[in-house]
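All remarks here apply to the structure that follows.
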2 protein chains.
Amino acid sequence: MNIGQAAQASGVSAKMIRYYESIGLIPKTVRTEAGYRVYSDHDVHTLRFIRRSRDLGFSVEQIADLVSLWQDRERASKDVKAIALEHVTVLERKIRELQEMASTLTHLATNCHGDARPHCPILEELASDEAGQGDFKPDAKFGLLGKVSAR
Amino acid sequence: MNIGQAAQASGVSAKMIRYYESIGLIPKTVRTEAGYRVYSDHDVHTLRFIRRSRDLGFSVEQIADLVSLWQDRERASKDVKAIALEHVTVLERKIRELQEMASTLTHLATNCHGDARPHCPILEELASDEAGQGDFKPDAKFGLLGKVSAR
DNA sequence: CTTGACCTTCCCATCATTGGAAGGACTAAA
DNA sequence: TTTAGTCCTTCCAATGATGGGAAGGTCAAG
């Protein structure tokens, strides 16, 4: 099976398959004489596992751990559970941060007439000198907005 | 006031102030003879407005619009409200996506013994051939995970 | 033998932010 | 006045996961 077919069968784009190979998430495949990558059903199964993990928001690093646990028949289920729960913690923090933003904005928008006049509580809040959200400090890098999931 | 002081006073890092200037979010400042950027209290006020907007998860592009509305005494509050509500919509979608991930994972983790034995429903789910989450497809680029807010 | 669909590698862009290097400017103390 | 230390400058790179696209090789069908 070529990379395109493996992509279709797994739901992981050919681009990403090559990327995952380049970073070592999946092993280098066999190649045809012409240099084409060749995939087995087993490889597709692994790719699907990876896609599922991405859909649940796991990072590539976590996925690497999950894949290796998956392939380890001696694994302890607590190791898997720990990764999952750790991720849940992160997800919940992000959810709370987003909810705080949304509720603040919803509140401000509710108090904004939304007409042709210039008076606007939203701008007033953004421009106010007070602390506003107080100590609200999302985790720096890749904290709240932006990429939440793949695909 | 130098850039470092403006950074402290506004809560926007010196790095980001230079960046915002480079992309045109804020105008180029006056410079001293030696090339140092000089900031006024008014500039700091604008920077604080920007930081607040970032804290609420607005993109730089949206912030540019907000700043220009802020500085426009003829603005219509409905234009501001539209930006805010549009953003709320996006936030709420992300929240739903994250909640879906979290609840799926929590459910799976609940059914996982989390002991030294290898049996693990989490891995089983990730490895299963069924659709699993069905048509769950977060918006591609910067969909759900990752950067949710600045700072 | 040509056409079109596929594959290869390589580089670039995204988004906001941080880090660091190399070098100049300024300030306070010796 | 020299020196140390802190600030400033610009420029380049990395982050994380992904897509876009160019330039060129391969393959199957007509």
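Chain letters run A, B, ... following the sequence lines, proteins first, then strands; residues in each count from 1.
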Exercise. Got a sec, which residues hit salt bridge (charged side-chain N to carboxylate O under 4.0 Å, His left out) with A:R75, two or more places apart in sequence or on another chain?
Worked result: none
Exercise. Which of these nucleotides, D:dC8, C:dA16, C:dC7, is closest to any side-chain atom of A:N2?
Worked result: C:dC7
Problem set entry | Phosphate OP1/OP2 of D:dT18: any A:Y20 side-chain N/O under 4.0 Å | yes
Seminar exercise, completed: From CD1 of B:I50 across to C1' of C:dA16 the rounded distance in Å is 13 Å
For this session: Figure out the CG/P separation between A:D55 and D:dA17, and round it to whole Å.
Result: 14 Å
Exercise. Under the ring pair (Phe, Tyr, Trp, His ring centres under 6.0 Å) test, which residues partner A:H45, sequence neighbours left out?
Worked result: A:W70
Exercise. Residues two or more places apart in sequence or in another chain: which of them pass ring pair (Phe, Tyr, Trp, His ring centres under 6.0 Å) with A:Y39?
Worked result: none
For this session: Give a yes/no on whether any side-chain N or O of A:S13 is located under 4.0 angstrom from OP1 or OP2 of D:dT18.
Result: no
For this session: Return the value, rounded to whole Å, for the distance between atom OH of A:Y19 and atom P of C:dC12.
Result: 17 Å
Exercise. Please give, in whole Å, the distance from D:dG19 P to A:I17 CD1?
Worked result: 11 Å
For this session: For A:R54 and D:dT18, give me the distance from atom CZ to atom P, rounded to whole Å.
Result: 4 Å
For this session: Counting heavy atoms from C-beta on, name the nucleotide in D:dA17, D:dG19, C:dA16 closest to the side chain of A:S59.
Result: D:dA17
Exercise. What side chain to side chain donor-acceptor pair (under 3.5 Å) pairs are there with at least one residue in residues 2-16 of chain A, not counting sequence neighbours?
Worked result: none
What protein N or O atoms touch nucleotides 23-25 of chain D N or O atoms at under 3.5 angstrom, if any, and at what distances?
{"from": "D:dG25", "atom 1": "N2", "to": "A:Y36", "atom 2": "OH", "distance (Å)": "2.7"}

Exercise. Whole Å only: how far is the CD1 atom of A:I3 from the C1' atom of D:dT26?
Worked result: 15 Å
For this session: Rounded off to whole Å, could you give me the CD1-to-P distance for the A:I23 and D:dA14 pair?
Result: 16 Å
Seminar exercise, completed: Sequence neighbours excluded, the answer for salt bridge (charged side-chain N to carboxylate O under 4.0 Å, His left out) partners of A:R31 is A:E21
Please write out each protein N/O paired with an N/O of nucleotides 9-11 of chain C under 3.5 Å, distance rounded to 0.1 Å.
{"from": "C:dT9", "atom 1": "OP1", "to": "A:R31", "atom 2": "NH1", "distance (Å)": "3.2"}
{"from": "C:dT9", "atom 1": "OP1", "to": "A:R31", "atom 2": "NH2", "distance (Å)": "2.9"}
{"from": "C:dT9", "atom 1": "OP2", "to": "A:R37", "atom 2": "NH1", "distance (Å)": "2.9"}
{"from": "C:dT9", "atom 1": "OP2", "to": "A:R37", "atom 2": "NH2", "distance (Å)": "2.8"}

Seminar exercise, completed: Comparing nearest nucleotides in DNA chain D, the 5'-proximal residue of the pair A:E33, B:G4 is B:G4
Exercise. Got a sec, which residues hit salt bridge (charged side-chain N to carboxylate O under 4.0 Å, His left out) with A:E124, two or more places apart in sequence or on another chain?
Worked result: none
Problem set entry | Separation of atom NZ in A:K28 from atom C1' in C:dT8, rounded to whole Å | 14 Å
Exercise. Would you call A:R93 and A:E97 a salt bridge, using N to O less than 4.0 angstrom?
Worked result: yes
Seminar exercise, completed: For B:R117, the salt bridge (charged side-chain N to carboxylate O under 4.0 Å, His left out) test, sequence neighbours excluded, returns B:D115
Exercise. Quick one: do the A:D43 and A:S40 side chains pair a donor with an acceptor below 3.5 Å?
Worked result: yes
